[in-house]
Structures are given as structure tokens and as C-alpha cells.
Amino acid sequence: MMRTSPVLRNKDTLQAPLNRKNNLTGQASDSNDSPFWEPKWETLSREDLESLQIRRLKKTVARAAQAPFYKEAFKKQKIDPERIRSLDDLRRLPFTTKDDLRQWYPYGFLTVSKDEVVRMHSSSGTTGRPTVVFYTQRDIEAWANLVARCMYMTGVRRSDVFQNMMGYGLFTGGLGFHYGAEKLGCLVIPVGPGNTKRQLFLMREFETTVVHIIPSYALYVAEVCQKEGIDPQNEFKLRIAFIGAEPHSEGIRARIEDFFGIAAFNSYGLSEVNGPGVAFECPYKKGMHIWEDAYIVEIINPETLEPVPEGEEGELVLTTLTREGMPLLRYRTRDLTKFLPGTCPCGRTHRRIDRITGRTDDMLIVKGVNIYPIQIERVLMSLPEVGNNYLIEVHKQETGDELLIKVEVKTEVFQEDMRYLEGLRKKIIHEVREEILVTPKVELVEPNSLPRTQGKAQRVVIVGKQ
Ligand code: ADP
Ligand code: ZN
């Protein structure tokens with residue numbers, strides 16, 4: 001069945017060029033005929049999208065009212081779910097926070113009996129006790145469809161071999177993509193992270209074309225390739241990577257793309273509202289489309305809780321529209337981003353958000369200045385002498401906090417004389433100061449000497465008394 005769309009009549013619009021090699025256009029030649037290219041949903045006019053959202057919001061609120069947490073919250077705040085009639089009414093609903101999820105742990109957000117729940121996942125626990133999430137069979141289906149939609153959008157097809165290098169188990173990155181890729185009909189290699197030599201063996205042996213991987217781990221894989229004398233561009237058939245689960249700069253993406261000769265797409269999601277598949281880059285890679293038929297998106301000032309003007313950064317707040325077992329209303333993700341203005345040349349109408357700059361709780365205050373680790377990463381990754389890993393240490397001292405940045409340099413750079421290295425160190429201090437307005441201490445360290453994890457990278461360490 002060929003679906004047509006009012007916006008995407010011109011096939012060229014879909015054949016978005018990627019900025020790398022021509023054969024990496026990300027769009028396969030099998031036209032648009034797929035249940036996972038969904039112009040019916042992906043190119044809705046704003047008006048239709050909003051009326052769909054209202055319909056789904058009403059249902060969601062009525063459903064949420066069955067959950068112990070919302071039952072009590074609605075009662076306390078005298079909210080009548082019946083009176084939610086417009087998108088503006090959404091603002092009368094209370095926010096839901098990570099602390100609420102923790103306090104009402106484990107079943108306080110369930111709207112169905114446990115008999116109907118088929119799966120549990122949990123957050124990684126990056127910022128404290130992990131929260132748990134439950135899925136009905138329909139939730140799993142809807143989630144897999146969203147992930148399949150994301151993958152299809154970047155050009156993945158059933159002919160692809162998909163090596164899923166994200167953690168399986170409670171973390172949503174593994175199974176979330178696994179189900180999406182199976183739906184799409186890919187051959188899925190559910191290897192999970194780690195054991196890098198085996199990863200490389202599988203890539204070569206089974207001609208993997210698509211991987212899903214944490215960006216810091218992708219850079220580590222690149223280093224192992226170098227050490228083993230493997231040239232991925234000649235020895236592998238890789239063409240696409242999905243990178244997400246942790247903040248990363250454009251510089252990190254560029255390094256991954258250049259080394260492997262692939263297109264890397266930013267993938268955003270969080271377990272509380274499914275997992276991956278919430279927002280995703282299209283072939284134009286100008287921000288991530290956030291699926292507004294599945295989520296209502298707000299961006300608020302985390303202090304005033306008021307919406308920020310378009311284009312200004314704030315905290316992302318999500319209301320689920322299709323989740324059955326555990327709907328969430330106005331969930332404060334703590335992730336910082338902004339809406340990108342204008343429409344996307346790909347023709348999809350769902351708004352785009354900018355790459356996540358970090359979480360509200362990632363902010364460091366050093367000498368009275370607010371700093372996000374990603375600002376430092378942006379500077380480091382723009383310098384060709386700098387290697388693929390770094391660590392920010394905040395040393396707590398009576399006289400005020402000190403910032404020490406440990407920076408791995410490239411092997412060939414590390415072999416240069418002391419004078420050269422001292423010049424580079426000073427250059428890094430200067431460039432970082434320009435960006436964050438605080439003078440850091442910088443230590444250059446050997447390649448591969450800083451600690452690495454298979455999961456989300458630990459970029460910041462607090463040293464000394466808190
Ligand atoms: P935890 O919050 O414990 O890390 P999750 O495993 O559910 O739990 O991870 C979701 C979080 O990971 C998001 O809230 C966000 O902070 C981060 N994240 C996920 N994808 C991205 C991405 N593409 N860019 C930046 N951060 C991301
Ligand atoms: Zn687009």
C-alpha cells in the first residue's frame with residue numbers, strides 16, 4: 001500500500017541528503033511504502049495534531065485518575081478530569097516529579113491491575129534511587145511502533161543488520177530498540193554493551209549495518225579499532241549509528257561519524273515515559289522531532305514553572321498520550337533543551353527540540369558561576385589534539401571550589417615534547433575560560449588512561465567534603 005501525504009508529495013523531500021558519503025543517504029530505495037513511515041501521523045497539520053492531542057489528553061487524564069497517586073493529587077487540588085477540555089486546561093494539572101515516582105514506588109502510578117502488566121523497566125539511577133516503570137501489552141506495542149518509526153525515518157529497512165550495543169535488562173535502551181527493530185524486520189543482534197573485541201567480530205562476520213550505542217562507548221570502540229589496526233570504513237558495512245542515553249556534543253557526533261564513516265543520529269528518551277523513541281533526529285539532523293501524537297511537550301523555566309518563550313532553554317515536561325498502564329501528566333524530566341523554530345525540510349510537522357545540554361541537577365556552581373559539563377565538552381571536542389575522553393573534577397575547598405579538568409590527548413600528541421604539551425595545556429585553559437568564565441586547572445593525561453564505563457559516562461567527580 002502506498003501512502004501519500006499532502007506535505008510529502010515530492011519524493012525528493014524524503015530523500016534528504018546526509019552530510020557524509022553519498023551512499024549513506026539514510027534513505028533506502030524501497031520508496032515510502034511502509035507501516036513505519038506514517039505520514040498520517042508524522043505530517044499532521046498543527047490543527048489536526050492539536051485536536052488529536054486534546055482527544056488523547058482527555059482519555060489519558062480520565063485513565064490517570066485511576067492511579068493512586070493521581071487520585072489523591074486530583075482530590076487535593078480539586079481537579080475534575082471531566083473538565084479538561086482544551087490544551088490550555090493542561091496547565092491546570094499538577095506537575096509530576098521524579099520524587100513523586102519515588103514516593104509512590106512501586107505501584108502508585110498503575111492504572112491497571114498487575115495482571116495486565118507484562119513488563120517492568122527501571123531508570124539507570126543516574127541521579128538517585130531508580131524509578132520503575134510498567135507496561136501493558138499495548139504499551140509495549142505502541143512503544144515498539146514509535147522506535148520503529150524513528151529507525152525508519154533515518155533510513156533503516158528490513159534488509160539491515162542491527163547490532164544493539166545498549167544494555168539489555170532493566171535499562172530501556174536494549175529491549176526498547178530490540179522490539180522496534182524486530183518490528184521493522186531487521187536482523188537483530190542483541191549483543192548488549194561491552195566485550196569490544198566480540199562486538200568487532202560480530203560487525204565483521206555478520207556485516208552489521210546499523211548500531212545503537214552510547215556515544216562515549218562508541219569512542220572507546222574507535223580506540224580499540226585503532227589499537228587493533230582495524231579500519232572500519234573498509235572492513236565493515238556500517239552505515240548508521242543511533243547514539244543517545246547521555247548528553248553529548250556535536251563534536252562527539254562528528255568524531256564518531258568521521259571515524260566509522262557513518263551517519264550518527266541523536267536518540268532521546270527516558271524510561272519514565274517509555275524509554276527511547278521520544279525524540280529523534282531525521283536525516284536533516286537539525287534537532288530531534290519529538291513525537292507529538294504520543295507526548296504533549298512543554299518547556300518550562302524550572303524556577304518559575306512558567307513556559308519559556310520559544311527558542312529559550314528550559315526544562316522539558318512531557319505528558320504521555322498513548323500510555324495505558326502508567327500514564328504520566330506533566331512529567332518534569334529535568335532535561336534541559338529548547339524548541340527549534342521553523343519547519344523541518346523533511347516535511348514532518350512534529351516540533352524539534354535541540355540536543356539536550358544536561359539535566360537541571362548537572363549544573364555545577366564554581367566561584368559563583370553556573371556551569372554545565374557539556375560547555376566544557378564542546379570546547380574540548382573542538383580541539384583536534386584532544387583525545388576522546390575527559391574528566392571534570394570539582395575540588396571542594398574552604399577558599400572556594402576549584403575546577404580540575406583531566407584531558408586525554410591523542411597518542412601522537414602525547415609523544416610531543418614538554419614545551420608543546422605546555423602550550424596545548426595553556427590553550428585549553430584559555431579556551432575553556434572563554435566559554436565558562438572560570439579559570440580551570442588542566443592536566444593532560446595519556447590516551448586511554450581515564451576510567452571508562454560500559455554504561456553512561458561519568459564526566460564529573462566531586463572531590464573533598466560536600
Ligand atoms: P536515568 O535518568 O537514571 O539516567 P534513564 O536510563 O531512563 O534513567 O535515562 C534517561 C535520561 O538519559 C534522560 O532523562 C536524559 O537525561 C538522558 N538522555 C537520554 N537520551 C539522551 C540524549 N540523546 N542526549 C542527552 N541525554 C540523554
Ligand atoms: Zn525532519
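Read the numbers this way: they start at 1 and go in the same order the structure lists the ligands and their atoms. Values below: every heavy atom of this structure, side chains too, minus hydrogens, waters and symmetry copies. We count residues from 1, following the sequence as given.
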[X] heavy atoms, cut-off 4.0 Å: which ligand 1 atoms fall inside?
{"X": "S124", "result": "1 (P), 3 (O), 4 (O), 5 (P), 6 (O), 8 (O)"}
{"X": "S267", "result": "20 (N), 21 (C), 22 (C), 23 (N)"}
{"X": "K98", "result": "2 (O)"}
{"X": "G269", "result": "10 (C), 13 (C), 19 (C), 20 (N)"}
{"X": "N266", "result": "22 (C), 23 (N)"}
{"X": "G125", "result": "3 (O)"}
{"X": "G244", "result": "23 (N)"}
{"X": "F171", "result": "6 (O)"}

Sidechain N-carboxylate O distance under 4.0 Å for R352, E281: no
Basic-acidic side-chain contact under 4.0 Å: R348, E42: yes
Starting at [atom1] of [X], measure out to [atom2] of [Y] and round the result to the nearest 0.5 Å.
{"X": "E246", "Y": "Q458", "atom1": "CD", "atom2": "CD", "result": "10.5 Å"}
{"X": "Q163", "Y": "T209", "atom1": "CD", "atom2": "OG1", "result": "10.0 Å"}
{"X": "L383", "Y": "I428", "atom1": "CG", "atom2": "CD1", "result": "6.0 Å"}
{"X": "I353", "Y": "E313", "atom1": "CD1", "atom2": "CD", "result": "11.0 Å"}
{"X": "L318", "Y": "E272", "atom1": "CG", "atom2": "CD", "result": "10.0 Å"}
{"X": "R378", "Y": "I436", "atom1": "CZ", "atom2": "CD1", "result": "11.5 Å"}

In the protein, what heavy atom is nearest to [atom], and what distance, to one decimal place, separates them?
{"atom": "atom 4 (O) of ligand 1", "result": "T126 OG1, 2.5 Å"}
{"atom": "atom 2 (O) of ligand 1", "result": "R359 NH1, 2.8 Å"}
{"atom": "atom 20 (N) of ligand 1", "result": "A245 N, 3.0 Å"}
{"atom": "atom 16 (O) of ligand 1", "result": "D335 OD1, 2.6 Å"}

Per atom 27 (C) of ligand 1, closest listed option by heavy atom (K456, H248, E246, R334): E246
M288-ligand 1 polar pair, N/O distance under 3.5 Å: no
Test side chain to side chain contact (heavy atoms under 4.5 Å, CB included) applied to F259 and C225, step by step: CA-CA 10 Å; F259 184 80; C225 283; 3.8 Å; yes
Flag if over 12 foreign heavy atoms under 6.0 Å of OH, Y179: no
Cation-pi, F265 ring and K285 (6.0 angstrom, 45 degrees): yes
Ring geometry between Y135 and W143 (parallel below 30°, tilted from 30 to 60°, perpendicular above 60°): parallel
For ligand 1, the portion of L270 having any non-hydrogen atom under 4.0 Å away: both
Structural part of P130 in contact with ligand 1, heavy atom criterion under 4.0 angstrom: neither
Qualifying residues under side chain to side chain contact (heavy atoms under 4.5 Å, CB included), relative to Y168, sequence neighbours excluded: N164, L175, H178, V188, P190
Pair N388, R255: side-chain N/O donor-acceptor within cut-off below 3.5 Å: yes
The Zn ion (ligand 2) - number of protein N/O/S atoms closer than 2.8 Å: 4
